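To start, the structure under review is shown below, and the notes come after it.
Just so it is clear, the model here is predicted, and its values are computed rather than measured.
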Amino acid sequence: MSISAQPRILLITPPLTQLNTPYPATAYLKGFLGGRGYQVTQADLGLELVLKLFSKEGLTRVFAEIEAGHFELSDNARRMLRLKNSYLSTIEPVIRFLQNKDNTLAPRICHSRFLPEASRFDNVADLETAFGTMGLTDQARHLATLYLEDLGDLIKETVGPQFGFSRYAEKLAMSATSFDALHEALQAAPNLLDRMLLELLDELLERAQPDIVGFTVPFPGNLYGALRLAQRVKQLRPATYTSMGGGYPNTELRTIQEPRFFDYIDFLTLDDGEGPWLRLLEYVSSCSLLVSGSDGIAPEEQQLVTRNPKPETYPLQRTFLRNAAGEVEYRNDATTADIPHPEVGTPDYSDLPLTEYLSVIEVLNPMHRLWSDGRWNKLTIAHGCYWKRCSFCDVTLDYISRYETAPATLLVDRIERIIAQTGQTGFHFVDEAAPPLALRDLAVELLKRRVSITWWGNIRFEKTFTPDLCRLLAASGCIAVSGGLEVASDRLLALMEKGVTIAQVARVTDGFTQAGIMVHAYLMYGFPTQTAQETVDSLEVVRQLFQAGIVQSGYWHRFSMTAHSPVGKNPAKYKVAAVGPEPGPFAWNDLWHDDPTGTDHEQFGPGLAKALYNYLHGVALQEPLSFWFDFRTPKTTVPRHLISQAVQEPGKPDATRLNNRLFWLGNTPELRYEPAKKGQRAVLTFYEQAEDFEVKVPAELGPWLHTLLTQLATDYDSKVLLKEAAAIYPAGGQPWEQFLLSPAWQLLREKGLLTL
């Protein structure tokens, strides 16, 4: 018998999150704990369940159970049963295609009757308009996604009523102040999808032989799966500990007092997991020495050797557990601080089957495509939010309130390590709002090291994102940003302390668009005191943004009051009243509220969504706003040219930017001289990616400008300020302020000379 002092760790993402890329929580924890010598295995059982279900064998089981059951089937479901053989013969080729393993299938999907079609195909858009005549693979990916969604509808109607491609039994966890519904579901016999999931877990436990299993639950739709899996762990390996953390517990379970929850989960941790996990592993090790099964002892016969009869003396950090008296206890007695953001380590994606994820195109929205198509490495630029004032946001919680940055050099080190491990150069920066100055430094470091990546992320539409900074970010690989325009009303933006104005948003989105970066706007309706007039005016602002071509994507969200936001903490300040639900022993976060001074927001939802869908396709931009609603609405009070005038407002001249840093995106120029009317003039020739061009200046300026641009092109560590360039500007030529207005300087600015 051999004794292992360190527990073996298994980290699981339960069903379901995304199909195209791993959710990053387990990769972050594996990188952190693995860097401290722990043996860590991770698995994405959401992906594995989908691959098991959507296979010939899996669908055979689905059809057999439907045929053996007594389901009341819709006409659509009966049609699909009649096409069973077609689905069984096409499912595995379609999955391979969506995994980018057989792109030659695209012409058959698009141009022949290869896929069986059910109700999801009834409203297929004009694919040639959406994808062009050459976008064959994208067209096929969209059709293959509709095919999968048809099958998902069939499963939901019959053997798996809780199924969804990005959630599983989500309704059981949403606003669940009582644990009763979840507990009842978990005591029921597993359905077909549950059984498939448990089969995957059994194989995983056999391979990993864990001493502690951790579940990340980022969303309500992950909770049921996590608890069903934890229940199985307890059945098969009663000595194995189970732990849970993630976005759902961090927001919903902060006041949990439900003892039955701890029949499944031994430890529930809040906020960042690194510190709590270190304390938890010390605690577990203090409870027992772990006997390895490698010496002929079967896993189910593993023993525990008592090491410390009083584990409660070991400190825990932000952890709920059930004590010896059967009561829920919150422990936060560790004296150590949180792990600083620079020390959390590099996410480790090993164990995850990166080539097996599916690239799908669900809807014809360019930003939603980034969320569902392609393999994106997830990385955080900074911890928390540097603004943390928005009144609708959970600014009182750690994941928002504790703001920490990491040096750009460290971030690019992590990026290079992730690329080496995954072979993928796409990155999604998952910050609440990526800080503009940190993004600037990251972009400079990427360009300095010549690290080529493609990236996108979430930002605030703040004035720090100048057109020059947007161009720098584009040069470093940025292809898209998303940010909150929210209510598109200056009064309400001020009330929610968003820190932006409509005019400012217009100028920032124009800067990103001019740099070739796609812009997605988060939009909100139903904020406290929002009137019908303000809702219509918000839609007019959105219409003008799309008409100007400076926003390319958007999505309306209905305002939701949460317990941890400023509105939820002090509803009277915002002239609303919380009317429930009463706090219960389980989850508590989403609050119901009464808004006596606002309007009936519910009726606006369908019209707002319909208008936005058309706007992002460039359709019906000239229709009156009343066109989108089936009830009487007020006329807009927004000036017709509000956005175009904001965009046309001139920026500050370079002569006022003397403390800005100069940055050159181009290459080192060649210098020569040519005859001019009065003597000679200097000619700088630039050889760039797509063009060659020349800049001509008076002869005395040639060496100065050539030296300046050569330094900027070759030495990214030297930070040359505009005033420093002015200090060595040759005397005797045209005045400095006049040179900054000259055609030569303006051409350089156009071609990539930035002031940051």
Side-chain angles (χ1 to χ4, degrees), residues 385 387-395 433 459-463 483-510 519 521-548 550-551 554-562 565-578 591 593-605 607-608 611-612 615 624-626 628-629 631-647 649:
C385 178
W387 181 250
K388 55 188 175 189
R389 298 182 201 172
C390 298
S391 57
F392 58 84
C393 189
D394 292 336
V395 297
I459 61 152
R460 292 180 62 251
F461 292 130
E462 64 156 83
K463 60 184 179 182
L485 171 57
E486 316 304 357
V487 286
S489 155
D490 281 337
R491 181 188 78 85
L492 292 171
L493 285 170
L495 181 61
M496 63 171 51
E497 297 188 56
K498 188 68 186 176
V500 300
T501 65
I502 292 172
Q504 180 180 313
V505 169
R507 288 189 287 273
V508 171
T509 55
D510 181 54
V519 178
Y522 294 112
L523 304 165
M524 182 187 294
Y525 68 103
F527 191 75
T529 72
Q530 184 172 2
T531 64
Q533 183 68 64
E534 286 171 322
T535 301
V536 170
D537 287 350
S538 294
L539 180 59
E540 171 60 15
V541 170
V542 171
R543 186 196 69 80
Q544 290 187 30
L545 287 167
F546 277 94
Q547 186 179 47
I550 57 179
V551 169
Y555 189 81
W556 288 103
H557 301 259
R558 174 79 181 271
F559 167 76
S560 176
M561 189 165 84
T562 63
S565 68
V567 178
K569 293 281 188 184
N570 186 9
K573 176 182 176 181
Y574 299 89
K575 300 181 181 180
V576 294
L591 305 179
H593 70 281
D594 181 44
D595 182 1
T597 61
T599 189
D600 178 9
H601 304 296
E602 189 71 33
Q603 65 178 343
F604 279 96
L608 292 173
L612 184 61
Y615 292 167
L625 301 184
S626 59
W628 306 110
F629 305 101
F631 55 93
R632 192 174 183 85
T633 58
K635 291 185 178 181
T636 182
T637 61
V638 174
R640 294 287 290 179
H641 303 292
L642 175 71
I643 297 301
S644 60
Q645 288 176 352
V647 169
E649 184 176 313

Scanning both residues in full, the closest heavy-atom pair of Val567 with Pro528 reads CG1-CG, 4.2 Å
Tightest non-hydrogen contact, residues Gly499 and Trp387, listed as CA-CZ2, 3.4 Å
Requested in this report: Determine the interplanar angle of the Tyr615 and Phe546 rings, folded into 0 to 90°, and report it as parallel if under 30°, tilted if 30 to 60°, perpendicular if over 60°.
Outcome: tilted
Separation between NE2 (His601) and CZ (Arg558), nearest 0.5 Å, reads 6.5 Å
Requested in this report: For the pair Gln603 (side chain) and Phe631 (backbone), establish whether a donor and an acceptor sit closer than 3.5 Å, ignoring hydrogens and angles.
Outcome: no
d(Gln547 CD, Glu540 CD) to nearest 0.5 Å is 8.0 Å
field: Heavy-atom check, side chain of Ser489 versus side chain of Ser538, under 4.5 Å
entry: yes
field: No-hydrogen, no-angle side-chain donor-acceptor test under 3.5 Å, Gln530 and Thr535
entry: yes
message: Run the side-chain contact (heavy atoms from CB on, under 4.5 Å) test on Leu608 and Tyr525 for me, step by step, so that the C-alpha distance in whole Å, both residues' side-chain angles and the decisive distance to 0.1 Å come before the verdict.
response: CA-CA 9 Å; Leu608 292 173; Tyr525 68 103; 3.6 Å; yes
For Ala506 and Ala646 the tightest heavy-atom approach is CB-CB, 4.1 Å
For Cys385 and Ala433, the nearest pair of non-hydrogen atoms, with its separation, is SG-CB, 4.4 Å
- prompt: Strictly under 6.0 Å, is that where the ring centroids of Phe559 and Phe527 end up?
  reply: yes
Q | Check: Trp556 side chain, Met524 main-chain N or O, donor-acceptor pair, under 3.5 Å | A | no
Practice item. Report yes or no: does Gln544 contribute a side-chain atom to a donor-acceptor pair with the main-chain N or O of Leu642 at less than 3.5 Å? Key: yes
* Just wondering, do Met496 and Arg389 contact through their side chains at under 4.5 Å, heavy atoms? -> no
Donor-acceptor contact present, side-chain Asp595 to main-chain Thr529, <3.5 Å
yes
- [ ] Start with the C-alpha distance between Phe629 and Leu539, add both sets of side-chain angles, then the distance that settles side-chain contact (heavy atoms from CB on, under 4.5 Å), and finish with yes or no.
- [x] CA-CA 12 Å; Phe629 305 101; Leu539 180 59; 3.9 Å; yes
Next item on the list: For atom NZ of Lys388, decide whether the heavy atoms of other residues, nucleotides or ligands shown that lie under 6.0 angstrom number more than 12.
Entry: yes
All heavy atoms of Pro566 vs all of Ser391, minimum pair found to be CD-O, 3.2 Å
- Query: Are Tyr574 and Leu495 close enough that some pair of their side-chain heavy atoms sits under 4.5 Å apart?
  - Reply: yes
Rounding to 0.5 Å, atoms CZ (Arg460) and CG (Leu485) come to a distance of 12.5 Å
- Message: If we count only N and O atoms by modelled type, under 3.5 Å, do the side chains of Asp537 and Thr637 hold a donor and an acceptor together?
- Response: yes
Over 60° means perpendicular and under 30° means parallel, so tell me whether Tyr555 and His557 are parallel, tilted or perpendicular. perpendicular
dist Met561:CE -> Leu591:CG (nearest 0.5 Å) comes out at 4.5 Å
Check: Do Arg507 and Val647 come close enough that some side-chain heavy atom pair is under 4.5 Å?
Finding: no
Only residue of Val542, Thr509, Asp510, Leu545 satisfying side-chain contact (heavy atoms from CB on, under 4.5 Å) with Ile643 is Leu545
The complete set of side-chain hydrogen bond (donor to acceptor under 3.5 Å, both in side chains) pairs with one or both residues in residues 496-505, sequence neighbours excluded, reads Glu486-Lys498
### Side chain Thr636, main chain Val638, donor-acceptor under 3.5 Å
yes
The side-chain contact (heavy atoms from CB on, under 4.5 Å) partner of Val505 among Val500, Val541, Val519 is Val500
dist Thr562:OG1 -> Lys569:NZ (nearest 0.5 Å) comes out at 9.5 Å
Heavy atoms of Ala521 and Val551 approach each other most closely as CB-CG1, 4.2 Å
| Would you say Phe604 and Thr599 make side-chain contact, with heavy atoms under 4.5 Å? | yes
